[in-house]
Amino acid sequence: MATTYVTIRRRMRELLGERPNATTSGAGNAGGTTAPDTALAVFDDDHFNDSFYLLLTSGTYSGENRPVSDFASSGGVMTVPRAYTGQVASGVSYELLRYSPDDYMAAHNMALWQLYPRLHRVVYNEEHVVGSILLNPSFET
């Protein structure tokens, strides 16, 4: 299920024009409230404020996400209002998402729930073909 969720989240991210996987360029502060990426320095100050979520996808705190409350273009430092479990290390991969990852999962589950009766995968079970007198009267194949 986790692999499917990651694939769906990646595809949704592409459709929404969100930032692809990136990597922090240095360690955040000891309190766990910042994550720097110098590659983001091309964006204006406050570009990601209150409209993006920072999801860590590797490292010790992989899977944790927080909304970005402040962005400083000098150094590409993203600040989150609620600290991660620990300091964000250098070289940690992350995603910047327009919506909460929890909302992505809820949307995915709702789509599955609504599509299930109409959209299904046909599964052929042929394990009884050889031993069935009706389907294989000669018992040869």
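By convention here, the first residue in the shown sequence is residue 1.
In this structure, F48 has its ring center closer than 6.0 angstrom to the ring center of F43.
Note that the OG atom of S51 and the CZ atom of F71 stand 11.0 Å from one another [nearest 0.5 Å]. Taking CG of L56 as the start and OG of S62 as the end, the distance is 7.5 Å to the nearest 0.5 Å. Atom CZ of residue F52 and atom NE2 of residue H47 lie 5.0 Å apart, to the nearest 0.5 angstrom. From L40, atom CG reaches atom CE of M78 across 5.0 Å, with rounding to the nearest 0.5 Å. With rounding to the nearest 0.5 Å, the separation of OG in S100 from CG in N65 is 5.0 Å.
Side-chain atoms of S25 come within 3.5 Å of backbone N or O of T38 as a donor-acceptor pair. N29 places a side-chain N or O within 3.5 Å of a backbone atom of G32 that can act as its donor or acceptor partner. Side-chain atoms of D70 never come within 3.5 Å of backbone atoms of D46 as a donor-acceptor pair (strictly under, hydrogens ignored).
The minimum heavy-atom distance linking P36 with G75 is given by the pair CB-O, 4.1 Å.
No hydrogens or angles considered: nothing links the side chains of T24 and D37 as a donor-acceptor pair under 3.5 Å.
A single hydrophobic cluster is seen to contain both L96 and Y61, as judged by linkage of ILVMFWY side chains at heavy-atom distances under 4.5 Å, directly or through other members.
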Which donor-acceptor pairs under 3.5 Å do the side chains of residues 81-93 make with protein atoms, sequence neighbours left out?
residue, atom, partner, partner atom, Å
Y84, OH, L54, O, 2.8
T85, OG1, E64, OE1, 3.1
T85, OG1, E64, OE2, 2.3
Q87, NE2, G28, O, 2.6
S93, OG, T57, OG1, 2.8
S93, OG, S58, OG, 3.1

